[in-house]
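As a basis for the values below, the full set of heavy atoms in this structure was taken, side chains included, without hydrogen atoms, waters or symmetry mates. Heads up: numbering here begins at 1 and tracks the sequence. All figures in this text were calculated on a predicted structure; none of them were measured in a lab.
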Amino acid sequence: MKKLSLILLAVILLIVVMAAATIASPILIVAEDSEEDASIDMAAKFSLTGYEWVYPGSSVNAQGQTLHNVHIDNPQDPYGAARDIMTYSYNYTPHIIASVNNDAAQAIFGSTIVDDIRANDAYNGYPGNENVQGTMDRGDAVDTAMSNNGMNVFQVPIQILMGNIKFIFV
């Protein structure tokens, strides 16, 4: 019982430290698809004021490399490359990146979350057309799927402990 209390305290402390860190710079949350090519399929900027979706295919560095392909383009330091892309494209530099894999997403939002996002994106959304009035972008597709599925917040610390949610300091 003492170990459980200590683990819970550590998770709470980690959350408080991360929230405080967003004052200095936002946290970049990336959804990495471990089933396909370990690419970054979706990302969001998280700060005390909320979150903002980031489309990885439109986020580039000075060389034109995308956030979607950081593992392919920069296998030696993909998260450093992600930080540089966010600085170049959005003028902010994240110092903490939270990586969420498919297992964590499915545990938190239900086993169909990945398929639901893909369905919303394919049938209701038009990725890359975020500026066309009346269309749904990938962020909307993710929002819709997450809203429809609901969130099991108790899975977050479990997924952190299992290593399905990782925190990378860059």
Side-chain angles (χ1 to χ4, degrees), residues 10-61 65-71 73-74 77-110 113-114 116-118 120-121 125 127 130 136-170:
V11 170
I12 291 171
L13 183 62
L14 178 67
I15 291 170
V16 169
V17 167
M18 287 180 40
T22 65
I23 294 170
S25 70
I27 295 172
L28 177 63
I29 301 170
V30 295
E32 299 190 70
D33 192 343
S34 55
E35 293 176 1
E36 290 180 356
D37 56 0
S39 62
I40 294 178
D41 283 344
M42 199 61 208
K45 166 188 159 185
F46 175 76
S47 66
L48 290 178
T49 59
Y51 72 94
E52 176 183 323
W53 290 114
V54 173
Y55 183 58
S58 301
S59 306
V60 298
N61 61 13
Q65 297 170 330
T66 65
L67 183 61
H68 180 73
N69 291 323
V70 292
H71 289 285
D73 295 335
N74 298 290
D77 187 18
Y79 301 108
R83 176 200 57 225
D84 296 343
I85 288 169
M86 298 312 292
T87 302
Y88 185 81
S89 286
Y90 301 100
N91 299 315
Y92 69 85
T93 304
H95 295 292
I96 300 173
I97 297 176
S99 171
V100 179
N101 69 19
N102 291 356
D103 294 334
Q106 290 174 356
I108 295 167
F109 293 103
I113 187 67
V114 175
D116 293 347
I117 291 169
R118 288 179 179 145
N120 285 331
D121 196 29
E130 295 87 0
M136 175 186 277
D137 68 11
R138 185 170 290 172
D140 292 331
V142 175
D143 272 343
T144 301
M146 290 186 334
S147 296
N148 289 345
N149 290 17
M151 180 178 182
N152 183 351
V153 295
F154 297 111
Q155 278 293 324
V156 174
I158 294 168
Q159 296 305 312
I160 290 170
L161 293 172
M162 291 178 65
N164 291 328
I165 299 175
K166 298 176 190 168
F167 296 96
I168 300 100
F169 296 89
V170 290

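Atom-to-atom distance recorded for Arg83:CZ and Leu28:CG is 11.5 Å, nearest 0.5 angstrom. Interatomic distance, Ile29 CD1 to Ile40 CD1, rounded to the nearest 0.5 Å: 12.5 Å. How far CD1 of Ile27 is from CG of Leu48: 8.5 Å, rounded to the nearest 0.5 Å. In this structure, the separation between NZ on Lys45 and OG on Ser25 is 10.5 Å, given to the nearest 0.5 Å.
Checked against side chain to side chain donor-acceptor pair (under 3.5 Å), Tyr51 has the following partners two or more places apart in sequence or in another chain: Asp143. Partners of Thr87 by side chain to side chain donor-acceptor pair (under 3.5 Å), not counting sequence neighbours, listed by chain and number: Thr93. Partners of Ile158 according to the side-chain contact (heavy atoms from CB on, under 4.5 Å) rule, which considers only residues two or more places apart in sequence or in another chain, are Gln155, Met162. Residues forming a side-chain contact (heavy atoms from CB on, under 4.5 Å) with Asp73 (at least two apart in sequence, or on another chain): Gln65, Asn69. Among residues two or more places apart in sequence or in another chain, the side chain to side chain donor-acceptor pair (under 3.5 Å) test is passed with Asp84 by none. Tyr90 pairs by the side-chain contact (heavy atoms from CB on, under 4.5 Å) definition with Val54, Ser59, Met86, Tyr92, not counting sequence neighbours. With sequence neighbours excluded, no residue forms a ring-ring contact (aromatic ring centres under 6.0 Å, His included) with Phe46. Judged as a side-chain contact (heavy atoms from CB on, under 4.5 Å), and not counting sequence neighbours, the contacts of Ser47 are Thr22, Pro26, Thr49.
Counting only residues at least two apart or on different chains, no side chain to side chain donor-acceptor pair (under 3.5 Å) pair has a member in residues 10-21.
Between Ile85 and Thr66 the shortest side-chain heavy-atom distance does not fall below 4.5 Å.
Taking all atoms of both residues into account, the shortest heavy-atom contact from Tyr79 to Ser99 is OH-OG, 4.0 Å. In plain terms, the two heavy atoms of Ala43 and Leu67 that are nearest each other are CB-CD2, 4.0 Å. The nearest pair of heavy atoms linking Ala81 to Val70 is CB-CG1, 4.2 Å. Nearest heavy-atom pair, Val170 versus Pro94, reported as atom, atom and distance to 0.1 Å: CG2-O, 3.5 Å. Nearest approach of Val100 to Ala105, heavy atoms of both residues: CG1-N, 4.1 Å. Here the closest non-hydrogen pair linking Ala107 and Asn152 is O-CB, 4.2 Å.
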